[in-house]
Amino acid sequence: QVQPVESGGGSVQAGGSLRLSCAASGYTYSTARIVGWFRQAPGKEREGVAIISTGSGRSRYADSVKGRFTIYPDNAKNTVYLQMNSLKPEDTAMYYCALTYRLGDLPDRPADFNYWGQGTQVTVSS
């Protein structure tokens, strides 16, 4: 059973940075692995923030985080990171890591992902 585990959340002031980590236990390496970071604020739907194929390196970002967030893997550690810079209060949310295995286009909907972590809270104050 693959189980993503997130870490690295916390509270920062606007303009600050955080790095989230997603480690996958029970994981078998595959070039078809896709890892996504999603977030959900109270009263809002879960939205995709950044998606990466750890085999090809292809990635995709939500327009709201482009130029500020970077997703990147460390395949030797079975870990994917989300570096978040220039944080804004509107980035406040629970952040979730999710995994799936597929080839072709990068998925971007929560329903496309099979394995989910418990989430890590990010709070940005103004």
Spacing of [atom1] belonging to [X] relative to [atom2] belonging to [Y], to within rounding of 0.5 Å:
| X | Y | atom1 | atom2 | answer |
| --- | --- | --- | --- | --- |
| Phe69 | Asn85 | CZ | CG | 8.5 Å |
| Ile71 | Cys22 | CD1 | SG | 8.5 Å |
| Gln118 | Ser7 | CD | OG | 13.5 Å |

Side chain to side chain contact (heavy atoms under 4.5 Å, CB included), that's the test. Do Gln3 and Tyr115 meet it? Break it down for me.
CA-CA 7 Å; Gln3 179 61 54; Tyr115 307 100; over 6 Å; no
Hey, mind stepping through Asn114 and Leu99 against side chain to side chain contact (heavy atoms under 4.5 Å, CB included) and telling me if it holds?
CA-CA 6 Å; Asn114 303 106; Leu99 279 72; over 6 Å; no
Closest heavy-atom contact between [X] and [Y]?
| X | Y | result |
| --- | --- | --- |
| Trp116 | Pro110 | CZ2-O, 3.4 Å |
| Asp91 | Arg68 | OD2-NH1, 2.8 Å |
| Ala41 | Ala93 | N-CB, 3.9 Å |
| Gly9 | Thr120 | N-OG1, 3.1 Å |
| Leu20 | Tyr95 | CD1-CB, 3.7 Å |
| Asp112 | Thr100 | O-OG1, 3.3 Å |

Sidechain-backbone polar pair: [X] side chain, [Y] backbone, donor-acceptor under 3.5 Å:
| X | Y | answer |
| --- | --- | --- |
| Thr92 | Glu90 | no |
| Glu47 | Arg39 | no |
| Gln40 | Glu45 | no |
| Asn75 | Thr54 | yes |
| Arg60 | Ile51 | no |

Would you say [X] and [Y] make side-chain contact, with heavy atoms under 4.5 Å?
| X | Y | result |
| --- | --- | --- |
| Asp108 | Phe113 | no |
| Ile52 | Trp37 | no |
| Ser17 | Met84 | no |
| Leu82 | Arg19 | no |
| Leu106 | Ile34 | yes |

Do Ser56 and Arg58 get their side chains close enough for a donor-acceptor pair, meaning under 3.5 Å?
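Short answer, yes.
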Thr79 and Asp74 side chains, donor-acceptor separation under 3.5 Å:
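On atom types as modelled, these side chains do not qualify, holding no pair under 3.5 Å.
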Arg33 to Tyr101 six-membered ring, cation-pi geometry met (6.0 Å, 45°)
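Here Arg33 fails the 6.0 Å and 45° test against Tyr101.
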Give a yes or no on whether Tyr61 and Val35 share a hydrophobic cluster (residues Ile, Leu, Val, Met, Phe, Trp, Tyr; joining criterion: side-chain heavy atoms under 4.5 Å apart).
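Per the 4.5 Å side-chain linkage, Tyr61 and Val35 are co-clustered.
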With clusters defined by side-chain heavy atoms of hydrophobic residues (ILVMFWY) lying less than 4.5 Å apart, directly or transitively, does Val49 cluster with Leu18?
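Looking at the clustering, Val49 is in the same group as Leu18.
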Under the side chain to side chain contact (heavy atoms under 4.5 Å, CB included) criterion, do Val124 and Gln13 qualify, and how do the steps go?
CA-CA 5 Å; Val124 184; Gln13 291 189 329; over 6 Å; no
Crowded around Gln121 CD? As in, over 12 foreign heavy atoms under 6.0 Å?
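Atom CD in Gln121 is crowded, with more than 12 foreign heavy atoms closer than 6.0 Å.
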Aromatic centroids of Phe38 and Tyr96 separated by under 6.0 Å:
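No.
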